[in-house]
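Everything quoted here is computed from the prediction, not taken from an experiment. All heavy atoms count here, side chains included; hydrogens, waters and symmetry mates do not.
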Amino acid sequence: MTLAAIPSPATAVWQLGPVPIRAYALCIVLGIVVASAVTEYRLRQRGVRPWAVLDIAIWAVPFGILGARLYHVVSSPQAYFGANGIPIEAFYIWQGGLGIWGAVAGGAVGAWLAGRQLGIPLSVVADALAPGLPLAQAVGRFGNWFNNELYGGPTTLPWGLQVHQMDRSNPGQALRDPEGNPVLEPGLYHPTFLYEAIWNVGVAALVLLADRRWKLGAGRAFAVYVAGYTAGRFWIEMMRTDEANEILGVRLNVWTSAVVFLAALVYLVRVRGPQQFLVPLDAEGRPLPPVGASTPAAGGSTDAGSGTAEPTESGAAESGATGGVSQIDVSGRKPTAELAAGYRVVTEEQFRRYESTGELPAETTAGTDTGSTTDPGADGADDGVTESDADAKTGTETGTETGADAETGAGTGTGKTGS
């Protein structure tokens with residue numbers, strides 16, 4: 001006798017006038033929102049300007065969806081190009097069928113393209129995304145629940161899943177008996193969608209804990225996600241009973257999980273690198289006066305207590321004060337194209353100092369520590385200036401459009417980090 005069971009929805013599509021509202025699509029969109037929120041928060045912690053995730057998502061989401069669908073169609077071609085297949089349905093993504101492996105690969109291409117435009121290394125984006133992606137997958141799995149698909153074998157466990165027979169002539173709706181009741185498959189089944197959703201939440205927690213404990217950089221936080229997810233997908237995939245291509249009697253996605261898990265493990269063992277932090281290029285040389293100091297007067301004069309000069313036409317400012325914090329120029333003057341985008345990669349120590357005091361890192365940056373490269377600035381900055389040299393100076397200068405150097409300043413340069 002069954003004492004408990006997990007019910008399944010009999011409806012996965014609702015009509016809003018002529019527009020179908022699909023539960024599967026809603027779950028995917030909600031998952032994207034969750035991943036974007038987590039990634040935005042973590043990017044800001046690394047020094048990226050607010051809402052950069054929107055610029056990244058514009059590229060990553062379409063590429064991810066395209067890659068996910070391509071993987072599904074390529075790995076299950078008989079459903080569309082077999083004897084009874086319907087080729088046009090390869091484009092019907094609302095009916096389900098998105099492969100996570102293709103989503104990650106396609107999304108990575110999109111994120112890389114966006115990162116090149118923003119001056120953000122792909123490894124920074126990947127590590128920021130690492131805990132958000134499994135949370136997005138956890139939300140997305142409930143789309144399979146609405147579609148009554150991808151469940152496991154029969155079970156008598158109290159959390160067994162009831163599954164409806166779906167009407168292929170009326171997508172998104174369960175078959176109905178003469179009395180109008182939705183028709184159920186006989187027995188109960190393993191809710192593999194729920195197993196994977198719970199596992200993915202655990203993977204997100206694992207990434208956060210590992211990242212806090214070991215300060216993972218160079219894409220290693222993302223590798224922890226990949227290894228954690230594939231370890232769970234390996235055993236969950238073997239429980240599923242939906243049709244799938246097999247190699248040596250084992251489902252294709254089981255093999256894929258094993259291979260990707262080993263690749264992630266090798267990456268974790270072989271790759272080293274600290275967490276990467278970023279300083280916007282056009283924030284260089286713009287520390288605010290100390291709290292409570294008056295605003296410099298127009299015409300470039302400096303208040304006696306602030307030690308901060310009025311910004312020049314290039315957006316730079318000369319300062320002899322210490323203890324200020326960085327600011328973005330709000331004067332309305334448009335910065336030069338070279339300074340309008342891009343970041344410098346710095347160490348955490350350099351970033352924390354910049355964050356709390358406004359002190360800009362020396363031009364040595366974190367390139368040798370993180371593996372990222374920086375190009376020397378066009379203003380003739382001296383790459384040999386060390387941090388201790390910069391501390392000995394009484395002020396900081398940025399190169400102006402004319403290339404003039406202040407007598408007491410240390411050149412900061414405008415090198416752009418490659419992604």
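- Note that CG of N144 and CG of L194 are 12.0 Å apart. Values are rounded to the nearest 0.5 Å.
- Formation of a donor-acceptor pair under 3.5 Å by the N253 side chain with backbone atoms of T256 is not found in this model.
- Applying the 6.0 Å contact sphere to CH2 of W14 captures more than 12 heavy atoms from other residues, nucleotides or ligands.
- Without hydrogens or angle criteria, W255 side chain to E246 main chain gives no donor-acceptor distance under 3.5 Å.
- Note on residues 195-210: pairs passing side chain to side chain donor-acceptor pair (under 3.5 Å), not counting sequence neighbours, are R141-E196, W159-Y195, H190-Y195, E196-Y229.
- Applying the side-chain hydrogen bond (donor to acceptor under 3.5 Å, both in side chains) criterion to T11, with sequence neighbours excluded, gives Q173.
- Aromatic ring centres of F142 and F193 lie closer together than 6.0 Å.
- Judged by distance alone, with hydrogens and angles left aside, the side-chain atoms of D242 form no donor-acceptor pair with the main-chain N or O of L150 at under 3.5 Å.
- Looking at L188 and Y151, their side chains never come closer than 4.5 Å, going by heavy atoms from C-beta outward.
- Two residues are said to be in side-chain contact when any heavy atoms from C-beta on lie closer than 4.5 Å; I100 and R233 meet this criterion.
- Every side-chain hydrogen bond (donor to acceptor under 3.5 Å, both in side chains) that Q78 has, sequence neighbours left out, goes to N245.
- Residues that satisfy the ring pair (Phe, Tyr, Trp, His ring centres under 6.0 Å) test with F234, not counting sequence neighbours, are absent from this structure.
- Between H72 and Y80, the ring center distance clears the sub-6.0 Å criterion.
- Scored by the side-chain hydrogen bond (donor to acceptor under 3.5 Å, both in side chains) test, R42 finds D211 as partners (sequence neighbours excluded).
- The backbone N or O of L268 sits less than 3.5 Å from a side-chain atom of R272, completing a donor-acceptor pair.
- Here N181 pairs with nothing under the side-chain hydrogen bond (donor to acceptor under 3.5 Å, both in side chains) rule; sequence neighbours left out.
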